[in-house]
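Read through the structure below, which is laid out as structure tokens, and then see the notes.
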2 protein chains.
Amino acid sequence: MTAKVLDAFTQEHKQLLESELRILVEKLNAPPILKEAMQYSLEAGGKRIRPLLVFATLAAFEKDPKIGLMAAAAIEMIHTYSLIHDDLPSMDDDDLRRGKPTNHKVFGEAIAILAGDALLTYSFEVIGQIPEKIASGETKLQLVIEMAKAAGSEGMVGGQVADMEGEGKTLTMEELEYIHIHKTGKLLKFSVIAGALLGGANQAQLENLSAFAHYLGLAFQIQDDILDLEGNQALLGKPVGSDSTNEKSTYPQLLSMEGAKKALKQQLDLSKQYLEETGLNIHLLKEIADLIASRDH
Amino acid sequence: MTAKVLDAFTQEHKQLLESELRILVEKLNAPPILKEAMQYSLEAGGKRIRPLLVFATLAAFEKDPKIGLMAAAAIEMIHTYSLIHDDLPSMDDDDLRRGKPTNHKVFGEAIAILAGDALLTYSFEVIGQIPEKIASGETKLQLVIEMAKAAGSEGMVGGQVADMEGEGKTLTMEELEYIHIHKTGKLLKFSVIAGALLGGANQAQLENLSAFAHYLGLAFQIQDDILDLEGNQALLGKPVGSDSTNEKSTYPQLLSMEGAKKALKQQLDLSKQYLEETGLNIHLLKEIADLIASRDH
């Protein structure tokens with residue numbers, strides 16, 4: 001029953017998000033090939049977990065999730081730009097992403113780099129353009145600052161650098177967590193924070209939701225590592241075992257597969273404990289957390 | 001005498017800017033190699049024309065130019081990121097920039113791409129962090145939105161794409177202007193607009209200053225094309241004639257050298273006419289305009 005509620009919520013809001021993304025890029029007065037490259041990767045699908053976290057957090061405040069549409073679109077643009085740049089030959093050199101040729105395979109490296117740059121830049125404009133009736137100027141500036149921190153050198157980009165630096169080395173648990181907290185965790189956390197700021201969270205709620213998102217991000221990453229070894233290539237859209245091919249340290253490697261599965265459950269339980277503390281209507285967020293920890297792709 | 005006034009103004013404010021940039025990157029809690037790569041290109045020098053336009057525009061409003069320091073730093077970060085990405089092998093493939101090895105030659109392509117991404121992202125955070133006593137929340141949001149427009153697919157990135165698409169073709173004058181207005185013009189214009197918004201411009205002043213910056217941007221680019229043919233390699237820090245090596249259309253090519261010099265003077269005169277209309281204390285801006293049109297590098 002509840003799984004069906006989340007399914008319907010996901011379906012409805014994924015569609016709204018995807019149409020918002022299409023409209024936002026369509027209206028740009030820019031060279032057609034650039035818009036095409038931006039759309040290509042935005043449309044490549046994916047689970048849209050970050051937008052769903054924005055919407056479900058708003059639902060926890062019993063606000064209309066749709067007021068998070070522009071923030072969710074901005075976050076998905078940042079996530080998408082990071083995938084385009086990560087896939088480049090000088091980075092992970094991936095030919096496939098979600099089962100489709102990567103951006104640079106279709107448009108060439110130069111356009112891929114620029115499409116990424118354009119998406120990143122646009123994400124801040126989109127936050128700036130959120131209507132006044134949805135967010136005050138103060139809230140929008142908070143979103144700009146927090147989004148930049150989550151995406152930049154102190155967040156996602158810093159994590160990507162640490163990840164590259166760690167290739168071919170056996171990392172300590174601390175180093176591995178630094179990478180994941182930054183590379184994927186900070187933007188996941190910002191998705192929840194964006195929903196919380198738009199939902200009118202008080203300080204205690206903001207802190208509990210941050211902690212929820214922090215542990216959820218770690219659970220997400222552990223499950224990613226587990227899937228890389230046990231997953232189904234067709235569902236994943238990439239080869240199984242690609243982390244070890246790329247000489248990346250993983251949780252199963254450091255903790256054994258059994259240990260990684262135990263750690264996943266611990267992080268998930270911790271995340272839900274913080275969620276309970278908020279006193280909000282958390283059923284959707286809780287289901288998303290379970291989904292993230294049990295997903296097969 | 002007045003040249004000396006501009007010299008002193010330039011010296012003082014370049015130093016302030018460079019120390020601001022250093023401090024802003026230094027305080028980041030990020031992987032050392034990433035910060036080093038960001039600093040490397042920020043410190044590579046250059047004329048700092050965009051920051052100077054911010055400061056001189058504030059001086060035109062008889063405001064303390066220093067209130068523009070963070071906006072100027074943000075703009076210089078965007079300019080610097082664009083140079084790092086433009087120099088990449090898949091783009092212009094340049095080994096030297098301002099006489100020094102380009103970022104990717106020193107740090108490798110992956111770090112160069114990420115350092116660019118980090119600078120772009122940080123620029124928006126820096127705007128968001130401008131103290132309330134310098135700019136209201138509303139002004140800061142305007143800066144975020146206008147900076148994103150100037151830097152993104154409708155501005156600089158769009159111009160770069162059009163520039164690449166035009167390589168190897170003989171462009172019409174209209175196509176050449178599209179490229180320059182976007183690739184370099186929009187960010188130059190935003191520098192003046194940022195100074196104007198922080199200086200408290202009214203609508204008419206904003207429009208006249210925009211037109212001033214628009215024509216100044218074109219003059220800047222024509223002089224760039226002229227220098228590419230007539231300049232001194234040591235001063236330029238890059239080979240003379242590199243535009244034709246890269247099969248780029250230029251003003252001298254479309255208009256003859258004589259015609260290009262005439263066009264330069266026309267755009268410069270137009271820009272100064274709009275400047276006169278503002279009724280502001282424009283002597284520094286006028287000198288910067290003359291300097292841009294007569295610079296030798």
Side-chain angles (χ1 to χ4, degrees), chain A residues 25 28-31 33-35 37-38 78 81-82 85 88-92 104 108-129 136-138 140-149 151-162 164-165 182, chain B residues 25 28-31 33-35 37-38 78 81-82 85 88-92 104 108-129 136-138 140-149 151-162 164-165 182:
Chain A
V25 175
L28 289 171
N29 185 5
I33 188 73
L34 178 61
K35 288 168 65 170
M38 293 163 79
I78 289 190
Y81 117 77
S82 78
H85 282 192
L88 288 166
S90 58
M91 307 265 245
D92 289 351
H104 63 92
E109 271 184 73
I111 293 286
I113 293 169
L114 292 164
D117 294 344
L119 286 169
L120 171 57
T121 311
Y122 197 25
S123 70
F124 289 98
E125 181 180 341
V126 169
I127 294 289
Q129 304 273 21
S136 67
E138 201 188 334
K140 285 191 270 182
L141 278 171
Q142 247 183 306
L143 290 172
V144 165
I145 291 170
E146 294 302 322
M147 190 163 83
K149 281 184 195 286
S153 68
E154 296 187 320
M156 187 179 72
V157 171
Q160 173 68 6
V161 170
M164 283 169 27
E165 299 270 290
H182 290 79
Chain B
V25 175
L28 289 171
N29 186 5
I33 189 74
L34 178 61
K35 288 169 65 170
M38 292 163 80
I78 289 190
Y81 117 76
S82 78
H85 282 191
L88 288 166
S90 59
M91 307 265 246
D92 289 352
H104 64 92
E109 272 184 72
I111 293 286
I113 293 169
L114 292 164
D117 293 345
L119 286 169
L120 171 58
T121 311
Y122 198 24
S123 70
F124 288 99
E125 182 180 341
V126 169
I127 294 288
Q129 303 274 22
S136 67
E138 201 188 337
K140 286 190 270 182
L141 278 171
Q142 248 182 306
L143 290 171
V144 165
I145 291 170
E146 294 302 322
M147 190 164 84
K149 281 184 195 287
S153 67
E154 295 187 321
M156 187 179 73
V157 172
Q160 173 68 5
V161 170
M164 283 168 28
E165 297 269 290
H182 291 79

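Source: prediction; values computed, not measured. When reading the values below, keep in mind they use all heavy atoms of this one structure, side chains included, and skip hydrogens, waters and symmetry mates. Quick note on labels: first sequence line is chain A, next is B, and so on, each numbered from 1.
In this structure, chain B has heavy atoms under 4.5 Å from both the backbone and the side chain of K149(A). Contact of I113(A) with chain B is made through the side chain alone, with heavy-atom distances under 4.5 Å. Residue contact with chain A, scored on non-hydrogen atoms closer than 4.5 Å, involves the side chain of I33(B) exclusively. Contacts between L88(B) and chain A at a heavy-atom distance below 4.5 Å involve the side chain alone, from C-beta outward. For chain A, no part of E138(B) is nearby; none of its heavy atoms comes within less than 4.5 Å. If you measure heavy-atom distances from E165(B) to chain A, the contacts under 4.5 Å come from the side chain alone. For I127(A), no part lies under 4.5 angstrom from a heavy atom of chain B. With a 4.5 angstrom heavy-atom cutoff, Y122(B) does not touch chain A via any of its atoms.
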Determine, stepwise, if the pair K140(B) / K140(A) fulfils side-chain contact (heavy atoms from CB on, under 4.5 Å). CA-CA 10 Å; K140(B) 286 190 270 182; K140(A) 285 191 270 182; over 6 Å; no

Kindly determine whether L28(B) and L34(B) satisfy side-chain contact (heavy atoms from CB on, under 4.5 Å), including the steps that lead there. CA-CA 10 Å; L28(B) 289 171; L34(B) 178 61; over 6 Å; no

Test side-chain contact (heavy atoms from CB on, under 4.5 Å) on T121(B) and M156(A); report intermediate values, then the result. CA-CA 11 Å; T121(B) 311; M156(A) 187 179 72; over 6 Å; no

Does the pair I78(A) and L120(A) meet the rule for a side-chain contact (heavy atoms from CB on, under 4.5 Å), with working shown? CA-CA 5 Å; I78(A) 289 190; L120(A) 171 57; 4.2 Å; yes

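The greatest number of non-hydrogen atom pairs below 4.5 Å with chain A, out of G128(B), A30(B), A118(B), P31(B), is found for P31(B). Of the listed residues (V144(B), V157(B), L114(B)), the one with the most heavy-atom contacts under 4.5 Å to chain A is L114(B). Among G137(B), G152(B), G158(B), S153(B), the residue with the largest count of heavy-atom pairs under 4.5 Å with chain A is S153(B). The candidate from E146(A), Q129(A), H182(A), M38(A) with the greatest count of non-hydrogen atom pairs under 4.5 Å with chain B is Q129(A).
Of all the heavy atoms in Q160(B) and D92(B), the pair that sits closest is NE2-OD1, 4.5 Å. Taking both residues in full, the closest heavy atoms of E154(B) and N29(A) are given as OE2-N, 2.8 Å, listed atom of the first, atom of the second, then distance.
In this structure, CZ on F124(B) lies 13.0 Å from CD1 on I145(A), to the nearest 0.5 angstrom.
Below 30°, between 30° and 60°, or above 60°: for H85(B) and H85(A) the angle between ring planes is above 60°, a perpendicular geometry.
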